[in-house]
Amino acid sequence: MSRAWQRMLSGRRLDLLDPTPVDIEIEDIAHGLAFVARWNGQTHGDFAYSVAEHSLLVEEIFTRMNPAAPAKWRLAALLHDAPEYVIGDMISPVKAAVGPGYNELDKRLAAAIHIRFGLPATTPVQIKRQIKKADTLSAWLEATEIAGFTVAEANKIFGKLDHKLTKGLSIRLRPPVEVRRCFTERHSALLAEI
């Protein structure tokens with residue numbers, strides 16, 4: 001059988017097909033996500049818009065939607081795309097074309113990540129829906145601010161924006177090392193609240 005593990009910068013060997021929580025480190029996640037570009041890198045600006053930056057925004061929107069949410073669900077929002085640190089990001093139409101294999105890989109990695117940080121392996125449906133709503137609001141902002149979509153296109157694909165939940169928010173493009181640090185700090189702050 002061919003190799004199914006990846007050596008991480010932490011020195012861990014993460015088996016991508018059978019991941020275990022013990023081989024997952026937040027520094028590896030933060031580093032990987034800070035260097036993975038959303039929108040296949042097809043965005044305006046001097047830096048790619050990273051999955052780490054997107055995750056920080058999704059967690060902020062989720063918290064605005066659910067101000068009384070326990071820290072564990074805010075952490076789940078921050079980590080909603082964490083498997084992409086090793087499997088990369090694909091735009092939704094490509095994920096659909098790839099099929100169930102991608103989803104299964106994503107689920108196994110997500111479960112191991114959640115267990116590693118004290119979350120249930122599977123996020124409750126109601127919480128998952130709220131995270132998805134925050135994710136969609138983030139995608140609308142990203143599409144219109146940096147990915148070249150018109151408001152009409154974004155409304156058609158993502159639905160109309162709830163301006164109350166996104167008031168004062170804008171897309172930030174920062175160097176990967178800065179985003180990596182902010183992601184790690186936010187993760188630590190949320191873990192400290194659990």
Considering all heavy atoms of both residues, which atom of N155 and which atom of L161 are nearest to each other, and what is their separation?
OD1-N, 4.1 Å

Could you check whether atom CD of Q126 has more than 12 heavy atoms from other residues, nucleotides or ligands sitting under 6.0 Å from it?
no

Hits for side chain to side chain donor-acceptor pair (under 3.5 Å) against T20, two or more places apart or cross-chain, chain-then-number order -> D23

Check for a donor-acceptor pair, side chain of T150 on one end and backbone N or O of E153 on the other, with a separation under 3.5 Å.
yes

Work out which heavy atom in S138 is nearest to a heavy atom in Y49; give both atom names and the distance.
OG-OH, 4.4 Å

Kindly compute the distance separating CG (L173) from CG (D46), expressed to the nearest 0.5 Å.
8.0 Å

CG on L9 to CD on E27, rounded to 0.5 Å:
10.5 Å

Assess whether atom NZ of K107 is packed by more than 12 heavy atoms of other residues, nucleotides or ligands within 6.0 Å.
no

Using a 3.5 Å distance criterion without hydrogens, assess whether the side chain of T63 forms a donor-acceptor pair with backbone atoms of E59.
yes

Identify whether F183 and V86 are in the same connected component of the hydrophobic contact network (ILVMFWY, side-chain heavy atoms under 4.5 Å).
yes

Give a yes or no on whether the backbone of P175 and the side-chain of E178 come within a donor-acceptor separation of less than 3.5 Å.
no

Taken in chain and number order and not counting sequence neighbours, the residues that satisfy side chain to side chain donor-acceptor pair (under 3.5 Å) with N66 are none

Would you say R64's side chain and K167's backbone share a donor-acceptor pair under 3.5 angstrom?
yes

List the atom of A76, the atom of I131, and the distance in Å for their closest heavy-atom pair.
C-CD1, 3.9 Å

Does the pair R186 and S55 meet the rule for a side chain to side chain contact (heavy atoms under 4.5 Å, CB included), with working shown?
CA-CA 10 Å; R186 186 64 187 145; S55 298; over 6 Å; no

Does the E193 side chain pair with the main chain of A71, one donor and one acceptor, at a distance under 3.5 Å?
no

All pairs passing salt bridge (Lys or Arg N to Asp or Glu O under 4.0 Å) where residues 108-137 contributes a residue, at least two apart:
E25-R116, K132-D135

Candidate pair L56 and L78, rule side chain to side chain contact (heavy atoms under 4.5 Å, CB included), full reasoning
CA-CA 6 Å; L56 288 162; L78 181 69; 3.9 Å; yes

ILVMFWY cluster, I115 and I194 together (side-chain gap under 4.5 Å)
no

Specify the closest pair of heavy atoms between I113 and I29, including all atoms of both residues, with the distance to one decimal.
CG2-CD1, 4.1 Å

Could you state whether W73 and M65 fall into the same hydrophobic cluster, counting links through intermediate Ile, Leu, Val, Met, Phe, Trp or Tyr residues with side-chain heavy atoms under 4.5 angstrom apart?
no

Assess whether side chain to side chain contact (heavy atoms under 4.5 Å, CB included) is satisfied between I157 and W140, documenting all intermediate values.
CA-CA 9 Å; I157 296 168; W140 193 100; over 6 Å; no

Side chain to side chain donor-acceptor pair (under 3.5 Å) partners of S10, counting only residues at least two apart
D28

Does Y102 reach the side chain of I87, with side-chain heavy atoms less than 4.5 Å apart?
yes

Trace of the side chain to side chain contact (heavy atoms under 4.5 Å, CB included) decision for D89 with D81:
CA-CA 8 Å; D89 183 36; D81 279 339; 5.5 Å; no

Tightest non-hydrogen contact, residues M8 and Y85, listed as CE-CE1, 3.4 Å

With a 4.5 Å heavy-atom cut-off, do I24 and L14 have their side chains touching?
yes

Search all heavy atoms of P83 against all heavy atoms of H80 and return the closest pair with its distance.
CD-O, 4.4 Å

Would you give me the side-chain donor-acceptor pairs under 3.5 Å for residues 32-44, sequence neighbours excluded?
from, atom 1, to, atom 2, distance (Å)
R38, NE, H54, ND1, 3.4
R38, NE, E142, OE1, 2.8
R38, NH2, E142, OE1, 2.8
W39, NE1, E142, OE1, 2.9

Check the hydrophobic clustering (I, L, V, M, F, W, Y; side-chain heavy atoms under 4.5 Å; chains of links allowed) and say if L57 and L190 are grouped together.
no

With a 4.5 Å cut-off on side-chain heavy-atom distances among I, L, V, M, F, W and Y, is there a chain of contacts connecting I127 to L191?
no

Contact between V177 and R180 at the side-chain level, heavy atoms closer than 4.5 Å - yes or no?
yes

Measuring from atom CZ of R174 to atom CD of E53, what distance do you get when rounded to the nearest 0.5 angstrom?
4.0 Å

Look at the side chain of R74 and the backbone N and O of F62, then say whether any donor-acceptor pair between them is shorter than 3.5 Å.
no

Partners of F158 by ring pair (Phe, Tyr, Trp, His ring centres under 6.0 Å), sequence neighbours excluded?
none

To the nearest 0.5 Å, tell me how far D162 CG sits from T136 OG1.
12.0 Å

